[in-house]
Each structure stands twice: as C-alpha cells, then as structure tokens.
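Notes follow the structure.
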There are 2 protein chains.
Amino acid sequence: MKYSEAKEKYIHAWGTLGSSWGVNRTMAQIHALLMVSIEPLSTEEIMEELKISRGNANMNVRALMDWGLADKVLVAGERKEYFKADKDIMKIGVQVAKERKRRELDPIIKLLNEITVVDGDTAEVKEFRKVTKDLQKFAGQTESVLDLFIKSKDNWFFKILGKLR
Amino acid sequence: MKYSEAKEKYIHAWGTLGSSWGVNRTMAQIHALLMVSIEPLSTEEIMEELKISRGNANMNVRALMDWGLADKVLVAGERKEYFKADKDIMKIGVQVAKERKRRELDPIIKLLNEITVVDGDTAEVKEFRKVTKDLQKFAGQTESVLDLFIKSKDNWFFKILGKLR
DNA sequence: ATAAACTTTCAATAATACTTGAAAGTTCAA
DNA sequence: TTGAACTTTCAAGTATTATTGAAAGTTTAT
C-alpha cells in the first residue's frame with residue numbers, strides 16, 4: 001500500500017475511533033497526525049494537512065494539550081509554536097485513563113454517594129438502594145484498577161496478562 | 001433524599017454517562033430505568049416515565065436488546081411486550097465490553113493489519129510503520145484482556161486486583 | 001375475514017455538536 | 001510605541017445525530 005493512502009486511512013480511522021471514545025473527530029485526527037510525524041508541526045501545517053480552519057486547529061490542539069496528549073515545542077529563533085505528541089502508547093493509555101476517570105468516573109462516584117442515602121423502606125426504594133449500591137461497588141473497583149494503572153511506572157497490566165495465559 | 005429526586009438524578013446521570021460512552025442518552029436512560037424497577041416495564045410505561053415518544057422508546061428498547069442489555073418479557077394473558085434489564089453489574093460490564101470490542105476494536109485491528117504493510121523506506125515511512133506497529137501490539141494486548149474478561153465465568157479481574165494490593 | 005391491540009418505520013423536525021473565518025488579542029523586535 | 005507575526009475568541013453557519021408522531025405493518029381473538 002502507498003504511504004499516502006495508508007496515512008490517510010489511519011488518520012481517518014483514528015478520527016472515527018475518537019468519536020466513539022468521547023474525543024472529537026478533529027482532535028483525534030490531529031493526534032494521529034502528530035503521532036506519525038517525525039518533526040513537530042505548526043498550526044499552519046496541521047491546517048494544511050487536515051484541511052481545517054485556523055480556529056478549529058487552535059482549539060483542538062489546546063484540547064490535546066489539556067488531555068496531556070500533546071506538547072508545545074519552541075523552536076529557537078521562531079515565533080511560531082510547534083506541537084508534538086508523545087509516541088509511547090502506554091503513556092497515552094495512562095493519560096487517557098486519567099482524563100476519563102476524572103471527567104466521567106469521579107462525577108458518577110460522587111452522585112452515587114449522594115443518592116444511595118435515599119430514605120424510605122418500600123420495595124421500590126429497597127430495590128433502588130440495592131442497585132445503586134452495586135453500582136457504587138463496581139465503580140469503586142473500577143476506580144482502584146484505574147488508579148493502579150495510572151500510577152504504574154512500568155507495564156504491570158500486561159505482565160499479569162502474560163502470567164494468566 | 002427523597003426517592004423521586006434520587007431516581008431522577010440517577011437516570012439523568014446515567015444518560016449523561018452513556019453519551020460519553022458511545023451509547024445514546026435515551027438508551028442509557030431506559031437502561032437506568034429498567035435497572036431500578038422491580039417489575040418489567042411496557043413501552044407505554046417507559047414513554048410515560050421518561051417523557052419520550054413511542055418511536056423513540058421502541059427504537060431504543062430494541063437497541064438495548066441488540067446490546068444484550070435488556071430482554072423482552074411476555075406476561076401471560078397480555079398482548080403487550082414488557083422489558084427488563086439484567087441487574088448483575090458484572091454481566092452488564094461483560095456485555096458492554098463485548099459490544100464495544102466488536103464495534104470499535106475489531107475494525108481498528110483490521111485496519112492496522114492493512115496499513116502496517118505500507119511500502120517504502122524513507123524516514124517518514126519507517127516512522128509510520130513503527131507507530132502503527134506499536135498501536136497494533138497495543139490493540140492486540142487490549143483484545144486479549146477483553147477476551148479474558150468476556151469469557152470469565154466469575155470475576156477474575158477483581159480477584160487479581162485483590163492480590164495486587 | 002375482520003378489527004382491535006399492539007409494534008415498527010420513516011420523513012420531517014428539533015436539538016446538539018462541530019467548524020469557519022474574521023476580528024480582537026498578544027507578543028516582541030526594532 | 002509601533003506594527004508585523006502570531007494566537008485566541010466567538011458569533012454565525014454547517015453538519016450530525018436524536019426525536020417525534022402519524023401511517024403502515026403485524027399479530028391475535030373472535
């Protein structure tokens with residue numbers, strides 16, 4: 001397969017995957033682009049490559065930096081800002097896990113803590129309490145796993161997987 | 001907290017969570033509703049409770065069944081269909097993992113297999129190959145973990161977690 | 001066969017999310 | 001200070017996705 005074709009497919013696919021992961025398409029595409037480029041890219045270059053506007057490029061590059069998935073790179077003697085992505089896939093995984101935990105799991109845990117103290121003792125309320133307590137437990141376990149993953153310096157996750165098989 | 005308030009918050013939150021998980025809001029809300037109700041619910045009851053149209057209720061109930069998260073229940077002597085959700089949170093987790101793997105991971109693995117055979121040996125192409133191979137490896141490992149999780153009869157995931165801490 | 005009870009479909013509409021591009025803001029060298 | 005080089009903002013426009021509701025389809029009892 002030709003490089004240009006492969007690159008295009010890859011960027012496109014990454015965008016699609018991103019959208020089913022709560023990350024918007026363009027942000028995922030910029031990330032994909034930075035992942036495979038050798039040199040850091042400027043906003044101009046990103047705009048050009050992905051055929052997007054300046055505003056869009058700017059917003060999504062900032063979002064990537066928010067997520068800890070891209071960094072500014074200053075080139076000596078240049079005013080322009082350049083951007084690069086970390087290419088270590090495990091680090092990316094950790095970053096994404098961290099962000100999603102913060103944005104999604106944490107609020108859910110907070111909510112569950114609030115609502116499991118619902119008053120009453122009708123069958124309905126008992127059932128509600130049972131279900132939400134189960135969810136709370138599950139959320140707690142998930143949190144523990146994610147915390148371990150996030151804090152892991154090396155790759156315990158897959159080391160364990162190796163032992164299991 | 002009053003039951004009605006707690007229930008409302010819970011359904012609302014579940015809907016929000018759902019949307020950042022690739023499941024649409026209404027589908028997640030119907031699921032939340034079925035999770036806490038003691039009896040199976042009819043389309044009418046779902047419409048009433050969530051203030052949604054018949055078409056919407058019907059479509060999303062079907063989607064839930066597609067995902068394996070809800071089942072039809074036939075009540076003797078009734079024409080109407082009723083629906084219930086499995087309340088075992090681990091089973092739900094497994095179902096969701098299964099569906100998402102099929103819809104998201106599988107296509108990515110397929111794509112990576114295609115594009116890692118890109119031809120050329122410029123620095124650019126070499127980098128591309130390196131990055132996509134890493135992704136391929138990561139995707140493969142993720143697949144293995146998911147498969148283990150999906151096939152697990154009991155809860156190995158958290159048993160191991162227990163041993164780790 | 002008919003009709004009542006119920007479910008499904010789908011074109012139109014509404015809601016949401018994304019993108020643009022030009023104007024405003026910032027920084028810095030001279 | 002000025003103005004050129006660059007970045008950020010945001011209102012308006014576009015695209016995408018979800019929802020409605022009425023009509024068409026299906027099933028079952030009689």
Side-chain angles (χ1 to χ4, degrees), chain A residues 11-34 40-67 70-84 100 103-104, chain B residues 11-34 40-67 69-84 103-104:
Chain A
I11 289 177
H12 181 271
W14 219 242
T16 307
L17 186 71
S19 35
S20 61
W21 267 85
V23 170
N24 93 31
R25 208 184 72 228
T26 304
M27 181 174 156
Q29 289 185 341
I30 295 177
H31 186 241
L33 177 60
L34 294 178
L41 301 180
S42 67
T43 304
E44 301 284 342
E45 290 165 322
I46 293 169
M47 286 166 63
E48 160 67 18
E49 187 97 32
L50 301 179
K51 306 275 181 271
I52 58 175
S53 71
R54 180 173 303 284
N56 198 6
N58 180 271
M59 274 174 102
N60 285 109
V61 160
R62 276 188 304 121
L64 277 175
M65 290 192 293
D66 257 22
W67 277 69
D71 293 303
K72 231 175 248 190
V73 177
L74 295 174
V75 174
E78 286 249 35
R79 287 278 290 279
K80 219 177 287 186
E81 294 177 340
Y82 287 80
F83 304 95
K84 72 169 184 36
R100 289 182 62 98
R103 290 168 197 235
E104 293 161 32
Chain B
I11 289 176
H12 181 271
W14 218 242
T16 307
L17 185 71
S19 34
S20 61
W21 267 84
V23 170
N24 92 30
R25 208 184 72 229
T26 304
M27 181 173 155
Q29 289 184 338
I30 295 177
H31 187 240
L33 178 60
L34 293 177
L41 302 179
S42 67
T43 303
E44 301 285 340
E45 289 164 324
I46 293 168
M47 287 165 63
E48 159 68 17
E49 188 97 29
L50 301 178
K51 304 277 181 271
I52 59 173
S53 72
R54 180 174 302 284
N56 199 7
N58 180 271
M59 274 174 102
N60 286 108
V61 159
R62 276 188 304 123
L64 277 175
M65 291 193 292
D66 258 19
W67 276 69
L69 295 175
D71 293 304
K72 229 176 249 192
V73 177
L74 296 173
V75 175
E78 287 249 34
R79 288 277 290 278
K80 220 177 284 185
E81 292 176 341
Y82 287 80
F83 304 94
K84 71 172 184 34
R103 290 168 198 235
E104 293 161 32

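All chains are named by letter (A, B, ...) in the order of the sequence lines, taking the proteins before the strands, and each is independently numbered beginning at 1.
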Query raised in the report: Do any side-chain nitrogens or oxygens of B:Thr26 fall under 4.0 Å of OP1 or OP2 in D:dT19?
Result: yes
Query raised in the report: Within this structure, what is the NZ-to-C1' distance between B:Lys72 and C:dC6, rounded to whole angstrom?
Result: 11 Å
Query raised in the report: Which one, D:dC10, D:dT8, C:dT9, comes nearest to the side chain of A:Arg54?
Result: D:dT8
Query raised in the report: In whole angstroms, how far is the P atom of D:dT26 from the CZ atom of B:Arg79?
Result: 14 Å
**Report entry** Among D:dT8, D:dT19, C:dT8, the nucleotide that comes nearest once only the side chain of B:Arg62 is considered
**Finding:** C:dT8
Report summary line: Out of D:dA18, C:dC18, D:dT9, minimum distance to the side chain of B:Asn24 belongs to D:dA18
Report summary line: Which of D:dT8, D:dT19, C:dT19 is nearest the side chain of A:Asn56? It is C:dT19
**Report entry** B:Leu41, B:Leu34, B:Ile46 screened by side chain to side chain contact (heavy atoms under 4.5 Å, CB included) with B:Val61, the one that passes
**Finding:** B:Ile46
Query - Exercise: do B:Gln29 and B:Thr26 side chains pair donor with acceptor under 3.5 Å - result: no
Query raised in the report: Relative to the 5' end of DNA chain C, which residue comes earlier, B:Gly55 or A:Lys51, by the nucleotide with the nearest heavy atom?
Result: B:Gly55
Query raised in the report: What is the distance from CG of B:Asn58 to P of D:dG21, rounded to the nearest Å?
Result: 15 Å
Requested in this report: Find the distance B:Phe83:CZ to C:dC6:C1' and express it as a whole number of Å.
Outcome: 11 Å
Query raised in the report: Between A:Asn24 and A:Met27, what is the shortest heavy-atom contact and its length?
Result: OD1-N, 3.0 Å
Query raised in the report: Rounding to a whole Å, what distance do you find between A:Met27:CE and C:dA17:C1'?
Result: 15 Å
Report task. Ignoring the backbone of B:Met59, work out which of D:dA18, C:dA5, C:dC10 is nearest its side chain. Result -> C:dC10
Query raised in the report: For the pair made of CD1 in A:Ile46 and P in D:dC6, what is the distance, rounded to whole Å?
Result: 15 Å
Query raised in the report: Below 4.5 Å, heavy atoms only, C-beta onward: do A:Ile52 and A:Ile30 meet side chain to side chain?
Result: yes
Report summary line: B:Ala28 and B:Gly18 have their tightest heavy-atom pair at CB-CA, 3.9 Å
Query raised in the report: Please give, in whole Å, the distance from C:dA14 P to B:Arg25 CZ?
Result: 17 Å
Query - Distance, rounded to the nearest Å, where B:Ile52 contributes CD1 and C:dT13 contributes C1' - result: 17 Å
